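Here, residue 1 is the first one in the sequence, and each next residue gets the next number. Given the structure is predicted, the values throughout are model-derived calculations rather than measurements. Every number for a ligand or one of its atoms is a count from 1 in the order of the listing.
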Amino acid sequence: MKEHMRGPVVGLLWWILAIPSLHFSFCNGNSTVSCIAKERQALLRFKDDLTHPSSWLSSWSSNDDCCSWDGVVCDNFSGHVRELHLQGSCTDYSDLMCNDYIPKLGGKLNPSLLNLKHLNYLNLSYNDFGRIKIPNFIGSLRSLRYLDLSEANFSGVIPQTLGNLTSLHYLDLRHCYRISLSLENFQWISGLLLLQHLDLSCVDLSQSSNWLQMTSMLPSLVELHLRRCQLDLPFSLPGLNFTSLAVLDLSANNIKPLMPNWLFGLTGLDSLGLRSCDFSGPIPNGLQNMTSLQDLDLSGNNFNSTIPIWLYNFKGLKSLDLGWNDLQGPISGDIGNMTSIIHIDLSYNKIEGRIPRSMGGLCNTKFIDFSDNKFGDISDVFRSLTGCISDTLETLSLIGCQLYGSFDDNLGQFKNLQELHLSVNSIVGPLPWSIGRLSSLKSLYLTDNQLNGTIPEILGNLTKLEELYIDYNLLEGIVSETHFANLKNLKILGASDNSLIFKVSPKWIPITPSE
Ligand SMILES: *[C@@H]1O[C@H](CO)[C@@H](O)[C@H](O)[C@H]1NC(C)=O
Ligand SMILES: *[C@@H]1O[C@H](CO)[C@@H](O)[C@H](O)[C@H]1NC(C)=O
Ligand SMILES: *[C@@H]1O[C@H](CO)[C@@H](O)[C@H](O)[C@H]1NC(C)=O
Ligand SMILES: *[C@@H]1O[C@H](CO)[C@@H](O)[C@H](O)[C@H]1NC(C)=O
Ligand SMILES: *[C@@H]1O[C@H](CO)[C@@H](O)[C@H](O)[C@H]1NC(C)=O
Ligand SMILES: *[C@@H]1O[C@H](CO)[C@@H](O)[C@H](O)[C@H]1NC(C)=O
Ligand SMILES: *[C@@H]1O[C@H](CO)[C@@H](O)[C@H](O)[C@H]1NC(C)=O
Ligand SMILES: *[C@@H]1O[C@H](CO)[C@@H](O)[C@H](O)[C@H]1NC(C)=O
Ligand SMILES: *[C@@H]1O[C@H](CO)[C@@H](O)[C@H](O)[C@H]1NC(C)=O
Ligand SMILES: *[C@@H]1O[C@H](CO)[C@@H](O)[C@H](O)[C@H]1NC(C)=O
Ligand SMILES: *[C@@H]1O[C@H](CO)[C@@H](O)[C@H](O)[C@H]1NC(C)=O
């Protein structure tokens with residue numbers, strides 16, 4: 001989103017820098033422009049209809065220069081209000097959606113906003129408007145280029161008057177936190193010829209059968225997000241013309257069982273999200289021409305083939321998520337061709353065999369989750385991952401992978417590893433001394449293995465460790481306070497179901513994490 005904002009802002013800065021003499025000549029050396037009285041009145045009336053529990057709008061008072069009020073941005077030359085940043089804040093953003101947020105505003109939206117004739121940016125996201133409808137008058141804010149009403153607890157049918165906002169570049173109406181919006185006819189969207197970014201995720205589009213034709217006619221569209229929209233997807237549709245589309249997310253739409261073949265023609269995409277669409281059978285070969293993809297998410301379907309060989313040739317791919325399918329067979333050594341990969345998730349499949357040695361050469365990789373598959377000897381896994389990958393890897397998750405054998409000193413090479421998750425395997429033998437070299441480690445899960453011997457004091461070197469689970473193993477011996485003396489950040493220790501003896505003086509107080 002930031003990227004789309006940068007364009008106009010940078011453009012304006014350039015313009016200001018390019019003509020400094022003009023700037024000074026009409027501002028008499030003082031570029032401070034105070035706000036326009038009529039616009040200040042409009043903002044005050046707008047405020048009157050809002051509830052603002054955090055008294056966030058206390059700077060909005062009748063005396064002040066409204067251009068200095070919180071959330072208000074004026075044009076530096078004319079003094080007109082150009083932007084209103086009135087969003088709340090998302091406190092838990094994961095999985096491409098906001099799972100919790102703190103609203104700043106509620107109440108009603110007063111049409112006095114119509115007096116802000118130069119308003120081109122309005123952000124009311126993450127607020128709580130108590131399920132009112134999106135008011136029709138928003139469609140008359142003709143100067144708007146950016147309109148963000150996402151997760152603001154609106155409900156009902158989205159007004160067609162938004163089709164009058166012909167300057168819009170960015171429209172976000174996503175409502176996933178509480179699904180409450182719907183859209184019946186997409187016709188009006190086709191007039192938004194400048195629209196680049198459209199997000200209608202979790203808006204009920206089950207009644208709008210023409211969404212595909214209408215969005216494909218938007219000549220400037222770069223990003224289209226339609227997650228969980230109850231879409232009805234035609235399998236085949238000739239003449240689609242998404243000329244500039246780069247990002248498409250159709251996840252969670254029950255498109256089953258076959259991937260629509262018009263998708264295969266979108267070979268210019270950078271990012272394709274088809275998570276949880278109930279696809280089954282093999283990963284379709286039709287995707288093989290999408291070689292410009294940087295981000296592919298096919299997780300949560302029922303794909304049951306091997307990983308197709310052409311996929312390893314996607315040299316620009318940075319993020320690949322094939323988790324939660326029924327994929328089978330080994331990982332091919334050709335995976336070493338995916339030289340751009342940063343994030344790879346193959347968890348919860350039926351993949352088995354060795355981790356190819358070529359993965360060691362994936363020098364950008366930070367995240368690997370291969371949990372719940374079947375790989376062999378743990379020392380073989382770490383041997384395969386030595387190479388430049390051991391300098392970059394931050395997360396390695398191999399929970400429930402039927403790993404056996406014991407650790408060797410290759411473990412010590414992963415200096416940037418922050419999360420190492422190896423629970424529910426059959427790893428035997430001692431914790432190696434080399435574990436003390438994993439100086440970035442924050443989270444170590446070794447629950448439910450057959451580790452034996454004593455806990456090496458070198459564990460105390462892992463000063464960043466926050467979570468340590470070594471429960472359900474065969475560890476023995478005495479654990480003393482010296483083990484923990486330097487673990488200043490440790491918050492969780494799970495060590496039950498071993499034969500450990502905790503021998504600490506009664507006066508010992510574990511250091512509480514500094515936070
Ligand atoms: C210039 O700006 C300052 C505050 O930045 C203000 O106090 C002053 O009145 C302004 N002068 C003119 C001539 O507008
Ligand atoms: C307007 O001026 C302020 C303060 O000098 C500056 O931070 C801001 O970037 C300017 N806005 C634009 C759109 O140039
Ligand atoms: C609106 O605010 C939210 C929360 O700060 C932000 O994530 C989003 O990018 C903003 N929308 C626009 C169009 O800038
Ligand atoms: C949305 O509005 C309804 C009705 O006022 C209210 O019950 C609910 O708590 C509000 N907030 C969210 C986040 O849904
Ligand atoms: C545009 O606004 C006019 C009134 O100003 C309204 O009659 C018309 O329906 C609107 N058009 C759309 C596409 O919403
Ligand atoms: C697709 O759109 C481009 C640009 O708008 C146009 O030149 C081209 O003819 C269109 N193709 C089809 C098949 O509609
Ligand atoms: C994959 O799933 C399809 C359809 O569900 C089934 O017909 C086929 O036998 C499965 N193939 C394998 C290799 O399991
Ligand atoms: C992929 O591209 C090749 C060569 O351009 C073409 O022959 C083939 O039909 C394309 N496959 C798909 C599924 O579009
Ligand atoms: C991977 O690269 C090698 C060497 O360039 C090449 O021989 C092989 O065909 C590539 N694999 C795939 C799946 O494209
Ligand atoms: C443990 O930390 C000490 C002091 O920081 C350091 O000298 C030693 O090399 C570390 N041991 C290992 C195995 O990394
Ligand atoms: C730990 O387990 C390994 C393999 O099962 C065994 O060879 C070794 O003797 C055990 N060591 C201790 C200290 O129990």
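- Considering both main-chain and side-chain atoms, Tyr146 never comes within under 3.5 Å of ligand 3 through any nitrogen or oxygen pair.
- Distance check for Cys67 and Cys74: the SG atoms are under the 2.5 Å cut-off.
- Neither side chain, Ser167 nor Asn120, offers a donor N or O lying under 3.5 Å from an acceptor on the other.
- Under a 4.0 Å criterion applied to the non-hydrogen atoms of Ser125, ligand 3 contributes the atoms 1 (C), 2 (O), 3 (C).
- Side-chain contact between Ser220 and Leu218 is absent, with no heavy atoms from C-beta onward closer than 4.5 Å.
- Looking only at atom types and distance, the side chain of Tyr121 has a donor-acceptor partner in the side chain of Asn123 under 3.5 Å away.
- Listed as neighbours of ligand 9 are Ile309, Asn313, Asp334, Asn337, each bearing a heavy atom under 4.0 Å from the ligand.
- Lys315 and Asn313 form a side-chain donor-acceptor contact under 3.5 Å, judged by distance and modelled atom types alone.
- Looking at Arg227 and Ser201, their side chains never bring a donor and an acceptor atom within 3.5 Å of each other.
- When each atom of ligand 3 is checked for a heavy atom of Tyr126 under 4.0 Å away, the hits are 4 (C).
- When all heavy atoms are compared, the tightest approach of Leu165 to Leu192 is O-CD2, 3.2 Å.
- The shortest N/O to N/O separation between Tyr170 and ligand 3 does not fall below 3.5 Å.
- Between the side chains of Asp128 and Asn153, at least one donor N or O sits under 3.5 Å from an acceptor N or O.
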